[in-house]
Amino acid sequence: MEKKHGPVVLRMRTVNRADRVELPSLTPNWRSAEFQEREVFDLYGVVFTGHPDLRRLLMWDGFKDYPMRRDYVEPDDFEYEPTAHDAVLKRAQARQTAASSQPSGEGQPGMGVSQ
């Protein structure tokens, strides 16, 4: 079987990139475009007029900005949340400290003096 056509690529531009970022929605023609339009809205802030369910998809509702835009600045006032990786990191650091405090060849199997 031979493929006769490639993928459909639609390219549209907004009026400007700062405040007038609206495009017409493709969901009336292609229902499968709904997910992609929601993702673009969530990450870039492009508003698709005529979209049936334009709401955040990946970020939470209280998130104020759009993280994939060039003008996005990461907040420096976030609170640290401990994770399960913290315990693993502490054990690895303790093991590394213990290994570096021992002279080379001691405490490691197979590295002692041969008899």
> For R55, which residues count as a side-chain contact (heavy atoms from CB on, under 4.5 Å) partner, sequence neighbours excluded?
R38, D53

> When clusters are formed by joining ILVMFWY residues with side-chain heavy atoms under 4.5 Å apart, either directly or through shared neighbours, do L26 and V46 land in the same one?
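No, because L26 and V46 fall into different hydrophobic clusters, even though each may have its own neighbours under 4.5 Å.
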
> Is there a path of hydrophobic side-chain contacts, each under 4.5 Å between heavy atoms of I, L, V, M, F, W or Y residues, that connects L10 with F41?
no

> What residues form a ring-ring contact (aromatic ring centres under 6.0 Å, His included) with F63, not counting sequence neighbours?
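F63: ring-ring contact (aromatic ring centres under 6.0 Å, His included) contacts with W60.
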
> Same hydrophobic cluster for F48 and L43, using side-chain heavy-atom links shorter than 4.5 Å among ILVMFWY?
yes

> Please answer: with hydrophobic residues joined when any side-chain heavy atoms are less than 4.5 Å apart, are M12 and M68 in the same cluster?
yes

> Does anything in residues 24-33 form a side chain to side chain donor-acceptor pair (under 3.5 Å)? List the pairs, not counting sequence neighbours.
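Matches after skipping sequence neighbours: S25-T27, S25-E37, R31-E34.
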
> Kindly write out the residues that satisfy side-chain hydrogen bond (donor to acceptor under 3.5 Å, both in side chains) with N16, not counting sequence neighbours, or none if the list is empty.
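Scan of N16 (side-chain hydrogen bond (donor to acceptor under 3.5 Å, both in side chains), adjacent residues dropped) gives D19.
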
> Less than 4.5 Å apart, side chain to side chain, heavy atoms only: is that true for L58 and E39?
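Yes, at least one pair of side-chain atoms sits under 4.5 Å.
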
> Going by the side chain to side chain donor-acceptor pair (under 3.5 Å) test, which pairs reach into residues 40-49, not counting sequence neighbours?
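Every side chain to side chain donor-acceptor pair (under 3.5 Å) pair that includes a residue of residues 40-49, provided the two are not neighbours, is D42-R56.
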
> For a quick test of your reading: what N or O donor-acceptor pairs under 3.5 Å do the side chains of residues 93-100 make, sequence neighbours left out?
residue : atom : partner : partner atom : Å
T97     : OG1  : Q93     : O            : 2.8
S100    : OG   : Q96     : O            : 3.2
S100    : OG   : T97     : O            : 3.0

